[in-house]
Number of protein chains: 2
Amino acid sequence: MTTQQLTKNQGLVFDVLSHSDSPLSAYTILDKLRDNGFRAPLQVYRALDKLLEFGLVHRLESINAFVACAHPHEGCHNHGITAFTICETCGQVTEFHDHVIEDRLKAFAKGRNFKTGKTTIEIRGTCAGCA
Amino acid sequence: MTTQQLTKNQGLVFDVLSHSDSPLSAYTILDKLRDNGFRAPLQVYRALDKLLEFGLVHRLESINAFVACAHPHEGCHNHGITAFTICETCGQVTEFHDHVIEDRLKAFAKGRNFKTGKTTIEIRGTCAGCA
DNA sequence: GCAATTGATGTAATAACATTACATTTACAT
DNA sequence: ATGTAAATGTAATGTTATTACATCAATTGC
Ligand SMILES: [Zn+2]
Ligand SMILES: [Zn+2]
Ligand SMILES: [Zn+2]
Ligand SMILES: [Zn+2]
């Protein structure tokens, strides 16, 4: 999945997120795209839904915001669980994968016959630069 | 921390959550407490803030809802990171602690000089009973 | 080509979740 | 009793997300 096959609105939203140095809310994205003809939240949410589906964007559940994937070409989203650190001061987000964590979570779920869907791992705190 | 030393509003909110078999949104709690004199969201949010602080309640970030802690007397909240499974069909929530996961997350944060604050781990899916 | 279908878009309205601001009351220590 | 901190009441507002419905564009089958 590359950026080429995105529709106009998807491309615009992805572009805004890609160039941002911190996560953005849907409404912030909307504001940034007013000059490009965006008028309503739904235009943003629809594009985000697709981008999430493509694995180009992640939703940060704990802050109701969205970030471009740090390595969209690796199919992040077929790569297992993505964990995040989120700096509450500057917004810096770091993505990582940990197979040990993933295995432990899967083992717990399996032991309870729980069928795992989307899993969220988010560490909020302060990054090195802001400490 | 026992239920005794809660204020009236805190006690009412905790009671509603304790007797619910699934997570509740703040506005659902408000509706359930209208007959007890609750009139405004803030009454619920203020009580929830305190209950979260006391470790009697958890907030599920991925579904904007709240649950009573499964083992409030063990000081869940001084016990390290709490992880959850959340059934998207019936709302069943299971709480668990895993020191291996916690150690891995701490190690990652330490390696990046990231100062860890609140950490969220939530697995959404389908419970055994709903499969 | 052209109808039928599907996916994407535009727009308005509304729903759901959360906070700010300010006035008042209660609990409690001095 | 008085001063202080915590809790409460109420209204207004801010923020995040969805529903509903109309239109437009790309694709497919004929
Ligand atoms: Zn990613
Ligand atoms: Zn920072
Ligand atoms: Zn707990
Ligand atoms: Zn279930």
Side-chain angles (χ1 to χ4, degrees), chain A residues 1-17 20 22-54 56-67 86 88 91 118 120 122 124, chain B residues 1-17 20 22-54 56-67 86 88 91 118 120 122 124:
Chain A
M1 173 58 58
T2 76
T3 246
Q4 265 68 359
Q5 55 209 278
L6 298 179
T7 66
K8 184 183 164 220
N9 286 3
Q10 290 160 18
L12 287 166
V13 169
F14 183 65
D15 214 51
V16 166
L17 281 175
S20 173
S22 61
L24 300 176
S25 75
Y27 279 77
T28 302
I29 295 170
L30 174 57
D31 286 340
K32 288 182 184 296
L33 289 174
R34 296 235 181 242
D35 292 345
N36 294 279
F38 274 49
R39 313 296 312 267
L42 196 51
Q43 295 175 285
V44 178
Y45 282 110
R46 284 201 277 227
L48 286 171
D49 283 347
K50 284 298 179 183
L51 295 169
L52 289 166
E53 186 184 320
F54 299 155
L56 293 175
V57 159
H58 298 286
R59 175 182 165 81
L60 302 175
E61 306 285 354
S62 65
I63 60 171
N64 296 324
F66 302 85
V67 282
I86 305 168
E88 291 177 313
K118 190 173 183 321
T120 297
E122 297 176 14
R124 276 147 2 259
Chain B
M1 170 61 58
T2 77
T3 247
Q4 264 68 358
Q5 56 209 277
L6 299 178
T7 66
K8 183 182 166 222
N9 286 3
Q10 289 160 18
L12 287 166
V13 169
F14 182 66
D15 214 49
V16 166
L17 281 175
S20 172
S22 61
L24 299 177
S25 75
Y27 278 75
T28 301
I29 295 169
L30 174 57
D31 286 341
K32 289 183 185 292
L33 289 174
R34 296 235 181 242
D35 292 345
N36 295 277
F38 274 49
R39 312 296 313 266
L42 195 50
Q43 294 175 284
V44 177
Y45 283 110
R46 284 200 278 227
L48 285 171
D49 284 347
K50 285 297 179 184
L51 294 170
L52 289 166
E53 185 184 321
F54 299 155
L56 294 176
V57 160
H58 298 287
R59 176 180 166 80
L60 301 174
E61 306 284 354
S62 66
I63 60 170
N64 296 326
F66 302 84
V67 281
I86 305 169
E88 291 177 314
K118 188 171 183 324
T120 297
E122 298 176 13
R124 273 138 16 253

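Here is how names work: the chains are called A, B, and so on, in the same order as the sequence lines, proteins then strands, and each is numbered from 1.
Salt-bridge annotation for B:D49 and B:R46: absent, with no side-chain N of the basic residue lying under 4.0 Å from a carboxylate O of the acidic one. Looking at A:R124 and B:E61, a side-chain N of the basic residue comes within less than 4.0 Å of a carboxylate O on the acidic one, giving a salt bridge.
Side-chain contact between A:Y27 and A:P41 is present, with heavy atoms from C-beta onward closer than 4.5 Å. Counting heavy atoms from C-beta on, the side chains of A:R59 and A:N64 come closer than 4.5 Å. Considering only heavy atoms from C-beta on, A:F38 stays 4.5 Å or farther from A:D31 through its side chain. Counting only heavy atoms from C-beta outward, the side chains of B:V57 and B:V67 never approach each other to under 4.5 Å. A:L60 is listed as a side-chain neighbour of A:I86, based on a closest heavy-atom distance under 4.5 Å.
At least one donor-acceptor pair under 3.5 Å links the side chain of B:E122 to the backbone N or O of B:S62. Between the side chain of A:S25 and the backbone N or O of A:T28 there is at least one donor-acceptor pair closer than 3.5 Å.
Of the two residues contacting DNA chain D, namely A:A65 and B:K8, the nearest-nucleotide position lying further toward the 5' end is that of B:K8. For the pair A:Y27 and A:R39, nearest-nucleotide mapping onto DNA chain C gives the more 5' position to A:R39.
Scanning DNA chain C 5' to 3' for nucleotides with an atom closer than 4.0 angstrom to a non-hydrogen atom of chain A gives a first and last hit of C:dA8 to C:dT11.
Within the 4.0 Å cut-off from OP1 or OP2 of D:dA17, at least one side-chain nitrogen or oxygen of A:N64 is found.
Rounded to a whole Å, the CG atom of A:D31 is 13 Å from the C1' atom of D:dT16. Atom CZ in B:F54 sits about 11 Å away from atom C1' in D:dA6, given to the nearest Å. At whole-Å resolution of the value, CG in A:N9 and C1' in D:dA25 are 13 Å apart. Nucleotide D:dA17 holds its P atom 15 Å from the CD1 atom of B:I63, rounded to whole Å. B:L30 places its CG atom 14 Å from the C1' atom of D:dT8, with the value rounded to the nearest Å. Across the protein-nucleic acid pair, B:F38 atom CZ and D:dA7 atom C1' stand 11 Å apart, rounded to whole Å.
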| field | Steps toward side chain to side chain contact (heavy atoms under 4.5 Å, CB included) verdict (A:I29, A:K32) | value | CA-CA 5 Å; A:I29 295 170; A:K32 288 182 184 296; 5.7 Å; no
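Rounded to 10 degrees, the angle separating the terminal helix axes of the helix from C:dG1-D:dC30 to C:dT30-D:dA1, each built from five base pairs, is 30°.
Shown are A:L56, A:L17, A:N9; of these, the side-chain contact (heavy atoms from CB on, under 4.5 Å) with A:L48 is made only by A:L17.
Annotation: proximity of residues 42-50 of chain B to DNA chain C (heavy atom, distance under 4.0 Å) is found for B:L42, B:Y45, numbered in ascending order.
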